Amino acid sequence: MFLDHIDIYHVSPCFAEAGKIRVKARLSDDISEIMPYLNRVVKNANYNEHAPNITMFKEIRMITLQPNELILIKALNDTDARQVLNWLKDLINDTAERVDEIEPLYESKKRPHPLQLYTWLPRNNCGRCGEKTCIAFAALLSVGQQSLERCKPLFSEEYKEQCEVMINLVEILGHDISQLHL
Ligand code: SF4
């Protein structure tokens, strides 16, 4: 077995959606070498070779995998989170067993769509970024004509969860995230 276990070490309320939870977990083994294969077999996965990390969705839940840990957001509850992590462990192990049959994919498959970016913004149209609406900000962000740090509300404690997701998304878009701090 390639990955022996995934251990949850932190659970908190999900800021992205009330009533759901956010889970941090450690992986027993470094999965860096499997990421390009996961990028090939998981349709909604997005791999960032330079981080490295890979983001994928399980229905409404979003999983960001790093070599030795992960963040799962929008899990329904503790039982749901454990089921998702079991699914993920099986996926990783199954993929690891089949690397001889799978062509690794090192490129990020698709750039996040403006509507995907919009989903994770505060969406209060406050105008502090200089745009009249959040959708306008998202559209400009997607083409590199806006900077994430201009959305000040996003960096408040209230939107911490969305902010983490957005930083991942703009990194996929090629933005420099080195100056962004949660
Ligand atoms: S600052 Fe953020 S929340 Fe306010 S309008 Fe711009 S994108 Fe929307």
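Computed over heavy atoms, backbone and side chain alike; hydrogens, waters and symmetry mates excluded. For clarity, every value in this text was computed on a predicted model and none was experimentally measured. Indexing begins at 1, ligand by ligand and atom by atom, following the structure's order.
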Practice item. May I ask you to check whether T55 and N168 show a side-chain donor-acceptor distance below 3.5 Å? Key: no
Under 3.5 Å, which donor-acceptor pairs link side chains of residues 61-73 to any protein atom two or more places apart or in another chain?
residue, atom, partner, partner atom, Å
R61, NE, D80, OD1, 3.3
R61, NE, D80, OD2, 2.7
R61, NH1, K58, O, 3.1
R61, NH1, E59, OE1, 2.8
R61, NH2, D80, OD1, 3.0
E69, OE1, Y9, OH, 3.2

Revision key, fill the gap. The residue among D78, T79, L85, V84 that forms side chain to side chain contact (heavy atoms under 4.5 Å, CB included) with R82 is D78
Point to revise | Main-chain N/O of H5 paired to S28 side chain as donor or acceptor, under 3.5 Å | key: yes
Practice item. Show all protein N/O/S atoms under 2.8 Å from atom 4 (Fe) of ligand 1, or state that there are none. Key: C126 SG
Check your understanding: Taking only residues two or more places apart in sequence or in another chain, which ones pass side chain to side chain contact (heavy atoms under 4.5 Å, CB included) with A138?
Key -> L117, Y118, L121
Could you pull out every donor-acceptor pair under 3.5 Å between side chains of residues 126-136 and any protein atom, sequence neighbours left out?
residue, atom, partner, partner atom, Å
E131, OE2, Q146, NE2, 2.8
T133, OG1, A136, N, 3.1

